[in-house]
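To keep things clear, I will list the structure first and then write my remarks on it.
In this text, all values refer to a predicted model and were calculated from it rather than measured experimentally.
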Amino acid sequence: MAQAVEEWYKQMPVITRSYLTAAVVTTIGCSLDIIAPSHLYLNPRLVVQKYEFWRLVTNFLYFRKMDLDFMFHMFFLARYCKLLEENSFRGRTADFFYMLLFGASVLTGIVLVGGMIPYLSESFAKIVFLSNSLTFMMVYVWSKQNPFIHMSFLGLFTFTAAYLPWVLLGFSVLVGASAWVDLLGMIAGHAYYFLEDVYPRMTGRRPLRTPSFIKALFADDAVVVARPANVRFAQPPAPELHED
């Protein structure tokens, strides 16, 4: 059993494995009182005035108590982050990292701006950890890129992947969780989906092109097709023309 888990862990792509490891270690550390959550949460005042810039990152690593909700989010993180990195972003690790960076920036910006809006500031002030929202963003992006996959929710009913975010949002409301957390993830996910997939098809321009300095951080393996030595391939035949 332990060997199977080790193999499963080693086979994860680098971004998924790194994020999952950091999230589990951080959450366990807080549960054992090794790390204080008060040193991790998003606090704009401490970031600006005390230069505690690490809070911009650590608030995405802590998933609260190690309960059933934690297990659900670790499952979503391990599954959908892995699916995105291995399929949609296969051979594009830098682009996948940039997607997460974009999502984290959008979520942080929404919380900061929302905290300054009357009647909304009180709700946004309660959102000090955005880890669940970033996980939900990955679920949303995956559902948009794989809308026709058939899924089942707890064996109760079936639906296509396009409705997965809404099913999970409804489940969160039923169990008494805050809908704001999931909604923020959906907003960030839709912003990425629109700018990366929809807008380029409309205009021919791609505003979310990954910066070169981020590409330099990741050495994606090129796909190499080997062929035996001293073998010549015949020139492909000319296409046939069919007249009506």
Side-chain angles (χ1 to χ4, degrees), residues 8-26 40 42 47 51-63 73-74 76-113 129-147 161 165 184-227:
W8 170 78
Y9 178 77
K10 288 181 178 180
Q11 290 176 1
M12 281 187 176
V14 59
I15 300 296
T16 302
R17 184 170 64 245
S18 300
Y19 190 16
L20 181 65
T21 302
V24 171
V25 169
T26 302
L40 306 178
L42 180 62
V47 171
Y51 307 110
E52 297 182 1
F53 299 113
W54 67 82
R55 294 179 182 273
L56 298 174
V57 177
T58 55
N59 81 92
F60 290 100
L61 302 179
Y62 181 46
F63 283 80
H73 281 89
M74 288 302 98
F76 292 143
L77 175 59
R79 176 173 173 80
Y80 295 104
C81 187
K82 181 174 182 287
L83 286 173
L84 283 173
E85 190 171 1
E86 286 185 339
N87 297 310
S88 301
F89 292 89
R90 185 177 184 86
R92 299 190 298 130
T93 305
D95 294 339
F96 185 61
F97 177 81
Y98 189 56
M99 184 202 78
L100 295 181
L101 182 62
F102 172 82
S105 301
V106 170
L107 291 170
T108 302
I110 292 175
V111 171
L112 295 182
V113 173
F129 291 102
L130 291 167
S131 48
N132 291 356
S133 298
L134 187 60
T135 303
F136 206 87
M137 173 200 169
M138 288 184 275
V139 174
Y140 185 90
V141 172
W142 179 86
S143 72
K144 281 295 186 180
Q145 295 180 348
N146 303 273
L184 290 180
M186 294 174 70
I187 292 172
H190 192 74
Y192 178 83
Y193 168 73
F194 177 81
L195 294 175
E196 180 65 13
D197 294 331
V198 178
Y199 186 77
R201 290 198 299 265
M202 295 169 54
T203 64
R205 294 189 295 269
R206 186 185 172 198
L208 291 185
R209 191 179 303 275
T210 305
S212 57
F213 75 91
I214 292 182
K215 286 184 175 293
L217 297 176
F218 302 93
D220 291 323
D221 296 331
V223 178
V224 179
V225 179
R227 67 173 182 175

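- The CG atom of Leu42 lies 8.5 Å from the OG1 atom of Thr58; values are rounded to the nearest 0.5 Å.
- Taking the six-membered ring for Trp and the full ring otherwise, Tyr193 and Tyr140 have centroids separated by 6.0 Å or more.
- When all heavy atoms of Ile15 and Phe218 are compared, the pair lying nearest together is CD1-CE2, 3.8 Å.
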side-chain contact (heavy atoms from CB on, under 4.5 Å) between Leu134 and Leu77, worked out: CA-CA 9 Å; Leu134 187 60; Leu77 175 59; over 6 Å; no
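- Closest non-hydrogen pair, Gln145 versus Ser88, comes out as OE1-OG, 2.5 Å.
- Residue Phe89 holds its CZ atom at 11.0 Å from OG1 of Thr16, rounded to the nearest 0.5 Å.
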Chi angles and distances behind the side-chain contact (heavy atoms from CB on, under 4.5 Å) call for Cys81, Phe96: CA-CA 9 Å; Cys81 187; Phe96 185 61; 3.5 Å; yes
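- Taking the charged nitrogens against the carboxylate oxygens, Glu52 and Arg55 do have a contact shorter than 4.0 Å, which makes a salt bridge.
- In this structure, CG on Leu100 lies 10.0 Å from CZ on Phe60, to the nearest 0.5 angstrom.
- Of the N and O atoms on the side chains of Thr21 and Tyr9, at least one donor lies less than 3.5 Å from an acceptor on the other residue.
- By the 4.5 Å heavy-atom criterion applied to side chains, Phe63 and Met74 are counted as neighbours.
- No side-chain heavy atom of Tyr80 sits less than 4.5 Å from a side-chain heavy atom of Leu84.
- Glu86 and Arg90 are not joined by a salt bridge, as no carboxylate oxygen comes within less than 4.0 angstrom of a charged side-chain nitrogen.
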side-chain contact (heavy atoms from CB on, under 4.5 Å) assessment of Asp95 paired with Lys215: CA-CA 8 Å; Asp95 294 339; Lys215 286 184 175 293; 3.4 Å; yes
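- Only one option out of Arg201, Lys144, Arg205, Arg206 pairs with Glu196 in a salt bridge (Lys or Arg N to Asp or Glu O under 4.0 Å); it is Arg206.
- Within the 3.5 Å criterion, the main-chain N or O of Ala104 finds a donor-acceptor partner in the side chain of Thr108.
- Proximity of Leu61 to Tyr19: side-chain heavy atoms (C-beta onward) are separated by under 4.5 Å at one or more points.
- Annotation for Ala161 and Ser143: closest pair O-CB, 3.0 Å, computed over non-hydrogen atoms.
- To the nearest 0.5 Å, the span separating OH on Tyr62 from CG on Leu130 amounts to 14.5 Å.
- To the nearest 0.5 Å, atoms CD (Gln11) and CZ (Arg17) are separated by 10.5 Å.
- With values rounded to the nearest 0.5 angstrom, Leu101 atom CG is found 5.5 Å from Ile214 atom CD1.
- Considering every non-hydrogen atom in both Thr210 and Ala94, the closest pair reads CG2-O, 3.9 Å.
- Closest approach of Phe136 to Pro165, counting heavy atoms only: CZ-O, 3.3 Å.
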Test log, rule side-chain contact (heavy atoms from CB on, under 4.5 Å), inputs Val14 and Glu85: CA-CA 9 Å; Val14 59; Glu85 190 171 1; 3.7 Å; yes
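- Considering all non-hydrogen atoms of both residues, Leu20 and Ala78 come closest at CD2-CB, 4.2 Å.
- Below 30°, between 30° and 60°, or above 60°: for Phe194 and Tyr199 the angle between ring planes is between 30° and 60°, a tilted geometry.
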